[in-house]
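Just so you know, these numbers come straight off a predicted model, no measurement behind them.
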Amino acid sequence: MIGPSSNMSECSHYDLEVLEADESELNGLIPESFGKLNNLRVLSLSYNSFTGSIPKALERLRSLEVLDLSFNKFTGPIPTLLGNLTKLDLSNNQLSGSIPVSLGQLTKLISLDISNNSLEGVVLEAHLAKLSMLKNLDISSNHKLIINMSHEWIPLFQLKIVKLSSCKIVNGFSQWLQSQRKLE
């Protein structure tokens, strides 16, 4: 179990850049004090049993490039994430609510996986508009998600992998899907 630590505030004075604790049998809440790890570039805590919401404190991690919280038991909405994220994997949790439009502001994002959650609402161009580096997109197995792109919209990115199963696609396979020439 990870709990509050008096030493965590001291970590912000060090140059901790990578924190990987995948498959470590961790549970409970991620401490808010993680938001003080100012130099953190990689936070990977997949395949554990973390619960509760993803801490808003992670929004303060401006240097964060990789956030992998997949295969946990997180609930609630996806927080507003900023920074230099290139990989965001929140798959296989119990996240709910709509996808925040702020995800579309992560201009360096290459891989986005939010599959196998309970997300709902409508995915519009604004959710993807500025993701010019995006190569992998997986929003599958969110049964209440509706993908509604204008028929004429052509994105800046060229995907290699796109997974949309179980999502309702409105307007059929619009131009944005037809424009993807690098799909594997």
**Item:** Leu67 and Leu85: CA distance, side-chain angles, deciding distance, side-chain contact (heavy atoms from CB on, under 4.5 Å) verdict
**Value:** CA-CA 7 Å; Leu67 179 59; Leu85 283 176; 4.0 Å; yes
**Item:** Between Ser98 and Glu120, a side-chain donor and acceptor under 3.5 Å
**Value:** no
**Item:** Asp15-Asn39 side chain donor-acceptor pair, cut-off 3.5 Å
**Value:** yes
**Request:** Quick one: do Val123 and Leu145 satisfy side-chain contact (heavy atoms from CB on, under 4.5 Å)? Show the steps, please.
**Result:** CA-CA 7 Å; Val123 179; Leu145 266 186; 3.9 Å; yes
Gap separating the [atom1] atom of [X] from the [atom2] atom of [Y], nearest 0.5 angstrom:
{"X": "Glu17", "Y": "Glu65", "atom1": "CD", "atom2": "CD", "answer": "8.5 Å"}
{"X": "His127", "Y": "Gln105", "atom1": "NE2", "atom2": "CD", "answer": "10.5 Å"}
{"X": "Ile114", "Y": "Ile78", "atom1": "CD1", "atom2": "CD1", "answer": "4.5 Å"}
{"X": "Leu90", "Y": "Asp113", "atom1": "CG", "atom2": "CG", "answer": "8.5 Å"}
{"X": "Glu25", "Y": "Asn48", "atom1": "CD", "atom2": "CG", "answer": "8.5 Å"}
{"X": "Asn142", "Y": "Ser166", "atom1": "CG", "atom2": "OG", "answer": "8.5 Å"}

Are any non-hydrogen side-chain atoms of [X] and [Y] less than 4.5 angstrom apart?
{"X": "Pro77", "Y": "Pro100", "answer": "no"}
{"X": "Ile139", "Y": "Leu164", "answer": "yes"}
{"X": "Lys87", "Y": "Asp68", "answer": "yes"}
{"X": "Leu183", "Y": "Val162", "answer": "yes"}
{"X": "Pro155", "Y": "Gln180", "answer": "yes"}
{"X": "Leu16", "Y": "Leu40", "answer": "yes"}
{"X": "Met133", "Y": "Thr107", "answer": "no"}
{"X": "Leu58", "Y": "Phe34", "answer": "yes"}

**Asked** What do you reckon, is OH of Tyr47 surrounded by more than 12 foreign heavy atoms closer than 6.0 Å?
**Response** no
Donor-acceptor under 3.5 Å ([X] side chain, [Y] main chain):
{"X": "Gln158", "Y": "Lys135", "answer": "no"}
{"X": "Asn117", "Y": "Leu119", "answer": "no"}
{"X": "Ser46", "Y": "Ser44", "answer": "no"}
{"X": "Asn116", "Y": "Asn92", "answer": "no"}
{"X": "Glu184", "Y": "Lys160", "answer": "no"}

**Prompt:** Using the ring of each side chain (for Trp, its six-membered ring), is Trp176 parallel, tilted or perpendicular to Trp153, with breaks at 30° and 60°?
**Reply:**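 Because their plane-to-plane angle lies in the 30° to 60° range, the rings of Trp176 and Trp153 count as tilted.
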**Prompt:** Could you go step by step and tell me if Leu26 and Phe50 meet the side-chain contact (heavy atoms from CB on, under 4.5 Å) rule?
**Reply:** CA-CA 7 Å; Leu26 300 171; Phe50 286 109; 3.6 Å; yes
**Message:** Under the criterion side-chain contact (heavy atoms from CB on, under 4.5 Å), I'd like the reasoning laid out for Leu103 against Leu88: C-alpha separation, chi angles, the key distance, then a yes or no.
**Reply:** CA-CA 10 Å; Leu103 283 184; Leu88 177 60; 3.6 Å; yes
**Message:** Using the rule side-chain contact (heavy atoms from CB on, under 4.5 Å), only one of Asn72, Leu69, Ile54 pairs with Ile30; which is it?
**Reply:** Leu69
